[in-house]
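Structure, as C-alpha coordinates:
The first residue of the sequence shown is numbered 1, and numbering continues consecutively from there.
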Amino acid sequence: IFNRDKNLADLFQNLYLPSFSPLLADDKSIIGSPKSYFIIIEKDTLKDDALLYAERLRKLNVPVKIAFYK
(Lines give C-alpha, C1' and ligand atoms only; values in the text may rest on other atoms or scores of the structure.)
Protein backbone atom coordinates (compact mmCIF):
# COMPACT_ATOMS: atom_id res chain seq x y z
CA ILE A 1 0.00 0.00 0.00
CA PHE A 2 2.87 2.40 0.76
CA ASN A 3 4.37 1.80 -2.66
CA ARG A 4 1.15 3.04 -4.26
CA ASP A 5 0.46 6.02 -2.01
CA LYS A 6 3.47 8.23 -1.33
CA ASN A 7 1.43 10.67 0.79
CA LEU A 8 0.38 7.87 3.11
CA ALA A 9 3.95 6.60 3.31
CA ASP A 10 5.19 10.09 4.21
CA LEU A 11 2.50 10.42 6.86
CA PHE A 12 3.52 7.16 8.53
CA GLN A 13 7.20 8.04 8.30
CA ASN A 14 6.50 11.27 10.18
CA LEU A 15 5.12 9.27 13.11
CA TYR A 16 8.64 8.03 13.79
CA LEU A 17 10.27 11.45 13.97
CA PRO A 18 11.58 12.35 17.44
CA SER A 19 9.94 15.78 17.15
CA PHE A 20 6.58 14.01 16.90
CA SER A 21 7.29 11.25 19.40
CA PRO A 22 10.01 12.15 21.92
CA LEU A 23 10.14 8.56 23.19
CA LEU A 24 11.86 7.66 19.91
CA ALA A 25 14.62 10.25 20.30
CA ASP A 26 18.10 9.03 21.07
CA ASP A 27 19.64 9.86 24.44
CA LYS A 28 22.00 12.45 22.93
CA SER A 29 18.98 14.48 21.80
CA ILE A 30 17.36 14.70 25.21
CA ILE A 31 20.35 14.92 27.57
CA GLY A 32 20.43 18.42 28.93
CA SER A 33 16.70 19.00 28.50
CA PRO A 34 15.31 21.66 30.85
CA LYS A 35 13.46 20.80 34.05
CA SER A 36 10.23 19.09 33.12
CA TYR A 37 6.82 19.14 34.76
CA PHE A 38 4.24 16.57 33.70
CA ILE A 39 0.55 16.97 34.42
CA ILE A 40 -1.01 13.58 33.83
CA ILE A 41 -4.66 12.63 34.14
CA GLU A 42 -5.59 9.00 34.73
CA LYS A 43 -7.99 8.86 31.78
CA ASP A 44 -5.50 10.37 29.34
CA THR A 45 -4.76 7.87 26.57
CA LEU A 46 -1.14 9.05 26.47
CA LYS A 47 -0.51 8.76 30.22
CA ASP A 48 1.72 5.70 29.82
CA ASP A 49 3.83 7.49 27.24
CA ALA A 50 4.19 10.50 29.54
CA LEU A 51 5.25 8.29 32.45
CA LEU A 52 7.76 6.43 30.29
CA TYR A 53 9.23 9.67 28.99
CA ALA A 54 9.41 11.17 32.48
CA GLU A 55 11.27 8.10 33.73
CA ARG A 56 13.63 8.24 30.79
CA LEU A 57 14.42 11.88 31.52
CA ARG A 58 15.06 11.02 35.18
CA LYS A 59 17.53 8.33 34.16
CA LEU A 60 19.36 11.00 32.13
CA ASN A 61 19.53 13.26 35.22
CA VAL A 62 16.92 15.75 34.02
CA PRO A 63 14.89 17.13 36.96
CA VAL A 64 11.30 15.89 36.61
CA LYS A 65 8.13 16.51 38.60
CA ILE A 66 4.89 14.70 37.97
CA ALA A 67 1.37 15.69 39.02
CA PHE A 68 -0.94 12.71 38.56
CA TYR A 69 -4.68 13.28 38.89
CA LYS A 70 -7.34 10.60 39.20
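- Listed by first and then second residue, the side-chain hydrogen bond (donor to acceptor under 3.5 Å, both in side chains) pairs involving residues 61-70 amount to none (not counting sequence neighbours).
- The stretch residues 19-28 participates, sequence neighbours left out, in these salt bridge (charged side-chain N to carboxylate O under 4.0 Å, His left out) pairs: D27-R56.
- Side chains of S33 and L57 form a contact here, defined as non-hydrogen atoms less than 4.5 Å apart.
- Partners of L23 by side chain to side chain contact (heavy atoms under 4.5 Å, CB included), not counting sequence neighbours, listed by chain and number: S21, D49, L52, Y53.
- Residues that satisfy the side chain to side chain contact (heavy atoms under 4.5 Å, CB included) test with I40, not counting sequence neighbours, are F38, K47, A50, L51, I66, F68.
- Residues I30 and V62 have side chains not in contact (no heavy-atom distance under 4.5 Å, counting atoms from C-beta outward).
- Remark: D48 engages no residue in a salt bridge (charged side-chain N to carboxylate O under 4.0 Å, His left out) (not counting sequence neighbours).
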